[in-house]
Amino acid sequence: MCTSHSRSLITRKPNTPRALNAPGVPLADPIDGLLTLDDLQNPIIATLIAWDESLPGDTYQLMWNDVAVGEIKKIANDEGPGAPLSLNIPASLLANDGKYKVAYRAVNVGGGQGSTSEAAYIIVDRTAPGGSLLAGMIFPSVVSDGVLTSAELTALGDVLSTEVPGYTGMAWGDYIQTFWGEKVGPTHTVLEDEVTLDQVMIDFDRAFLEDVGDVAEPVHYIVTDRAGNVSIKSQTKTFSLFLKPAPTDFPAPLCTQADDGVIDDADARAVVAVTIPQYPDPQAGDKVTLYWGDNALPEAELKPGDETQDPIFDINVRYPTIALSGDGEVALRYEVRRNNVLIGSSSELRVNVNLELPGPVDPDPETPENENLDLPIIRGTSSNANNDDNVIDEDDFLLEAKAIIGWKNDFAVSDRIHLFWGSQPVPVDFQIKSIDLNKDITLTIPNALMDAEGTGEAIKVYYTVTHDGNPNTSKSFAQSVEVRAEGDLPGGENGLVQPVFTNANENNAISPILSPDGTPIFIAPYEHIDKYPRVTLVFHGYNAAKGSTPVPGASMEETHTLDDGEILNGYSFRVPDAKLRLICTGHAEAYYRVEGPNGPVNSRTASVLMRMATPGAGC
């Protein structure tokens with residue numbers, strides 16, 4: 001029989017090694033192992049649990065990026081499996097930025113075998129976000145002019161949304177703090193998807209902006225990362241806020257020319273000055289618009305220094321602008337804009353305007369004269385056949401004169417005409433009566449008035465037209481009138497005195513001793529020299545041989561116009577030595593002539609002996 005034996009088959013589970021758990025780093029961020037700057041001020045400890053197989057005397061050591069570093073520590077007798085253990089991470093290993101692998105090496109000393117744990121990771125970051133340049137925030141195009149008004153903010157939904165562009169080292173968890181001037185603004189913590197988009201949006205709402213106030217301040221931000229590194233200040237952008245309603249009670253303008261109750265034609269022709277008083281918080285660059293009635297003048301800009309003045313400045317209003325609003329009561333006010341935004345307007349100043357002129361309408365009121373008034377025509381009353389208009393000659397000067405003023409249909413009964421003669425303060429007065437209508441007006445000019453003014457080549461004569469109850473005056477252009485009188489010629493009534501041979505000796509002779517290089521002939525100041533300064537010297541030399549016949553080449557004629565000093569002190573002509581020696585022995589005569597109003601006037605003649613010969617040598 002067959003005997004059979006049965007064998008028991010035993011299957012054993014293989015001995016699968018268990019991995020050692022990664023150490024912990026309590027101060028590191030549990031998400032990514034980041035150590036902050038504050039963490040790095042403290043010892044950094046890696047913690048672990050004594051493994052199940054650990055026995056007293058077994059060792060463990062820090063593994064840093066797969067390299068064993070630092071102290072080898074032993075399991076103490078009272079540290080069985082599951083006991084908490086720790087390893088110091090040397091500060092030198094944390095000196096540089098980076099991501100580091102942290103593990104430990106466990107060794108069974110009795111058997112000699114060891115194992116390396118799973119790894120944990122820590123991050124060291126000491127670099128500030130943004131580096132050396134942090135771009136400024138990007139604002140909506142509506143504020144590209146540097147100004148945000150209330151209306152613009154309303155159109156934006158009462159929220160000013162700004163973009164912080166991506167920057168170097170941008171990471172989730174970065175904390176962005178904004179500033180509007182010195183005022184702390186909204187904050188934002190960067191999210192992961194914002195890092196991907198490379199931009200962050202931050203909103204300034206109306207409540208915040210109104211709390212900032214209507215100021216012009218720079219806006220910027222700073223970034224603090226999760227490690228505690230703080231960026232530099234971003235580039236700034238300055239905005240002027242105008243969110244409050246512009247006040248309408250700035251102090252009213254001033255106008256001294258209206259202090260007498262009316263701005264009249266003379267005021268307007270002279271240019272009316274409207275004074276802008278100091279208004280609240282003026283700043284250089286503000287632009288002031290003055291309104292004369294409904295008509296705006298060109299903007300006037302405050303220059304540096306204007307803002308400290310009170311009043312600030314005057315704005316000149318010219319005649320056409322004044323006339324544009326017409327006569328009667330006119331309201332004056334001004335508006336102030338800063339960066340093209342209205343920041344305030346003034347109360348009104350009301351003034352009375354009366355520009356209506358007596359006589360014809362002035363076609364060019366910006367000039368002092370009324371071009372529609374004819375020039376006066378002045379006529380002498382002597383019986384001279386050569387009586388020219390606007391010339392009072394020697395005979396006319398002894399009599400009255402006449403002024404003819406052309407009739408204008410706009411003249412009216414009771415209009416008063418005043419004719420002014422030269423600089424005389426009292427005019428000739430004439431009032432139009434009904435019998436004077438529709439014909440030229442003739443005024444009598446008293447001789448005393450002409451005599452008081454005296455003579456001249458261009459005496460200015462003009463007239464004005466006024467009317468009782470009207471503050472305005474029409475003024476004609478001035479007629480130039482030539483006035484002559486006896487004794488008004490160069491030298492006056494006694495004529496021009498003779499010239500003087502100043503180098504003549506006691507014998508009234510010219511010799512080489514006193515005149516070695518020619519001889520001077522002096523013209524003394526004469527009456528009316530300032531009116532007639534053009535002088536011509538005439539010199540003739542005669543020698544003994546030819547008697548009364550001038551020596552050829554020895555005569556001369558020279559003209560000179562006196563300057564201010566010569567008018568006061570006189571002037572010397574000079575006869576050259578060569579001409580004197582041509583005369584040699586004989587005599588010479590000299591006189592001068594002055595250009596007068598009706599032609600030249602000659603002086604008396606001066607004579608002198610000529611003694612230029614030297615004994616034995618001749619001339």
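FYI, the numbering just counts along the sequence from 1.
- Distance OH/Tyr532 to CD/Glu527: 11.0 Å, rounded to 0.5 Å.
- Between the side chains of Asn295 and Thr321, no donor-acceptor pair of N or O atoms lies under 3.5 Å.
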Ser345 and Thr248: CA distance, side-chain angles, deciding distance, side chain to side chain contact (heavy atoms under 4.5 Å, CB included) verdict: CA-CA 5 Å; Ser345 56; Thr248 58; 3.7 Å; yes

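- To the nearest 0.5 Å, atom OG1 of residue Thr455 and atom CD1 of residue Ile392 are 12.0 Å apart.
- Between Ile404 and Ile441 the shortest side-chain heavy-atom distance does not fall below 4.5 Å.
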Evaluation steps, side chain to side chain contact (heavy atoms under 4.5 Å, CB included), between Asn354 and Glu356: CA-CA 6 Å; Asn354 184 344; Glu356 183 182 3; 3.8 Å; yes

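- A pairwise comparison of heavy atoms in Thr442 and Phe430 identifies O-CE1, 4.5 Å as the closest pair.
- Between atom CD of residue Glu329 and atom CZ of residue Arg350 there is a gap of 5.0 Å, rounded to the nearest 0.5 Å.
- Minimum heavy-atom separation, Asn390 to Pro376: OD1-O, 4.0 Å.
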Which side-chain N or O atoms in residues 574-581 pair as donor and acceptor under 3.5 Å with protein atoms at least two apart or in another chain?
unit_1 : atom_1 : unit_2 : atom_2 : d
Arg574 : NH1    : Gly518 : O      : 3.2
Asp577 : OD1    : Arg581 : NE     : 3.3
Asp577 : OD2    : Arg581 : NE     : 3.0
Lys579 : NZ     : Gly553 : O      : 3.0
Lys579 : NZ     : Ser555 : O      : 3.2
Arg581 : NH1    : Cys619 : O      : 3.4

Verdict with reasoning, Ile263 to Asn352, per side chain to side chain contact (heavy atoms under 4.5 Å, CB included): CA-CA 6 Å; Ile263 292 176; Asn352 288 314; over 6 Å; no

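- Using a distance-only test at 3.5 Å, with no hydrogens or angles considered, a donor-acceptor pair links the side chain of Asn505 to the main chain of Asn507.
- Ring-plane geometry between His587 and Tyr542 is classed as parallel, the angle between the planes falling under 30 degrees on a 0 to 90 degree scale with a further cut at 60.
- Side chains of Asp396 and Ser382: a donor-acceptor N/O pair is present below 3.5 angstrom, by distance only.
- With hydrogens and angles left out, the side-chain atoms of Ser476 and Asp374 include no donor and acceptor closer than 3.5 Å.
- At a threshold of 4.0 Å, the pair Lys433-Asp436 counts as salt-bridged, since one of the basic side-chain nitrogens sits closer than that to a carboxylate oxygen.
- Checking Lys460 against Ser480 by side-chain atom types alone, a donor-acceptor pair falls below 3.5 Å.
- Leu302 and Gln283 make their closest contact through CD2-O, 3.7 Å (heavy atoms, listed as atom of the first residue, atom of the second, distance).
- Side-chain contact annotation: Asp286 with Tyr279, donor-acceptor N/O pair under 3.5 Å present.
- Each of Leu375, Ile459, Asp389 was checked for a side-chain contact (heavy atoms from CB on, under 4.5 Å) with Gln479, and the lone residue meeting it is Leu375.
- Using a 3.5 Å distance cut-off with no hydrogens or angles, the side chains of Asp563 and Tyr571 do not pair a donor with an acceptor.
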Would you give me the side-chain donor-acceptor pairs under 3.5 Å for residues 412-429, sequence neighbours excluded?
unit_1 : atom_1 : unit_2 : atom_2 : d
Asp415 : OD1    : His467 : ND1    : 2.6
Asp415 : OD2    : Ala412 : N      : 2.8
Arg416 : NH1    : Asp429 : OD1    : 3.2
Arg416 : NH1    : Asp429 : OD2    : 2.9
Arg416 : NH2    : Gln431 : OE1    : 2.9
His418 : NE2    : Asp429 : OD1    : 3.4
Ser423 : OG     : Glu453 : OE1    : 2.9
Ser423 : OG     : Glu453 : OE2    : 3.4
Gln424 : NE2    : Glu453 : OE1    : 2.7

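- Atom-to-atom distance recorded for Asn372:CG and Asp410:CG is 8.0 Å, nearest 0.5 angstrom.
- If you check the side chains of Thr444 and Lys402, you find a donor sitting under 3.5 Å from an acceptor.
- Judged by the 6.0 Å distance and 45° axis criteria, Lys475 is positioned over the aromatic ring of Tyr462.
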Quick one: side chains of residues 251-262, donor-acceptor pairs under 3.5 Å with protein atoms, not counting sequence neighbours, listed by atom name and distance.
unit_1 : atom_1 : unit_2 : atom_2 : d
Gln257 : OE1    : Ala273 : N      : 2.8
Gln257 : NE2    : Val271 : O      : 3.2
Asp260 : OD1    : Val262 : N      : 3.2

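- For the residue pair Tyr319 and Glu366, the shortest heavy atom distance occurs at CB-CG, 4.0 Å.
- In this structure, CG in Asn340 is found 6.0 Å from NZ in Lys287, a value given to the nearest 0.5 Å.
- Here the closest non-hydrogen pair linking Thr289 and Leu297 is CG2-O, 3.7 Å.
- For the residue pair Thr536 and Glu557, the shortest heavy atom distance occurs at CG2-CG, 3.6 Å.
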